[in-house]
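Just below is one structure, and these are the notes that go with it.
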Amino acid sequence: LISFGAYAALPEFDIEGSWTAKVKNEKLRMSLNIFTEEEHDGAWHTTTYIQQSEFSGLEMDKEQEFKLIRDAGTLIFFGKFRGNRGYGDFEFIPNENFRKELDKKGFGSVKDSDMLHLFIGKIDGSYLKSLEKLGYKNLPVSKLISFGIHEISIEYIKNVHKAGFKDISPSKLLSFKIHGIDDQYIE
């Protein structure tokens, strides 16, 4: 890990890594290099866009700790922004209450790395309730993660349903999204 003089040594976390970011129009393009202790997950990389206002404690041109909090957990960032670019380390802390909610809804034991995928995909309690209302219950966690990765919004699902595909399966819904099929395409 990169060491910043103002910070004590980081405690050990199951998911941690490094980040870089570029700020443009109040939005951060964040690249995360993720390292896990889970077997077979090892390391992976993702890039995501996040509104600057979603972070708590973020200041420019300052070495700092700042956070991004969502239902699935908290990303704690350590680092610095210089101008419109930033860099540093992070750790992910899963939200145990959300994990329990997932378990109650039949998703079983959800791994920390899956919690991070849900976090990045913006899968939250409201999204889960909306999915259930639309008839999508008992999905595997991997399908929820895929919905997040491919940005399958509740609005998208409703539009596909209105276009005549009310009973579309989760897998077919993913295929539609991946191939750019939406209500306008169907018409």
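Residue pairs satisfying the salt bridge (Lys or Arg N to Asp or Glu O under 4.0 Å) criterion with at least one member in residues 122-145, sequence neighbours excluded, are listed as follows: Lys105-Glu132. Screening residues 46-56 for salt bridge (Lys or Arg N to Asp or Glu O under 4.0 Å), with sequence neighbours left out, gives Glu54-Arg70. For residues 159-180, the set of pairs meeting the salt bridge (Lys or Arg N to Asp or Glu O under 4.0 Å) definition, not counting sequence neighbours, is empty.
The side chain to side chain contact (heavy atoms under 4.5 Å, CB included) check on Asp103 picks up nothing, with sequence neighbours excluded. In terms of the ring-ring contact (aromatic ring centres under 6.0 Å, His included) criterion, His150 has no residue partners (sequence neighbours excluded). Partners of Ile69 according to the side chain to side chain contact (heavy atoms under 4.5 Å, CB included) rule, which considers only residues two or more places apart in sequence or in another chain, are Lys67, Thr74. Residues meeting the side chain to side chain donor-acceptor pair (under 3.5 Å) test with Tyr127, sequence neighbours left out: none. With sequence neighbours excluded, no residue forms a ring-ring contact (aromatic ring centres under 6.0 Å, His included) with Phe98. Residues that satisfy the ring-ring contact (aromatic ring centres under 6.0 Å, His included) test with Phe165, not counting sequence neighbours, are Phe176. The ring-ring contact (aromatic ring centres under 6.0 Å, His included) search around Phe119 returns Phe92, not counting sequence neighbours. Contacts of Thr47 classified as side chain to side chain donor-acceptor pair (under 3.5 Å), with partners at least two apart in sequence or in another chain: Ser31, His45. The side chain to side chain donor-acceptor pair (under 3.5 Å) test applied to Glu96 returns Arg99, not counting sequence neighbours.
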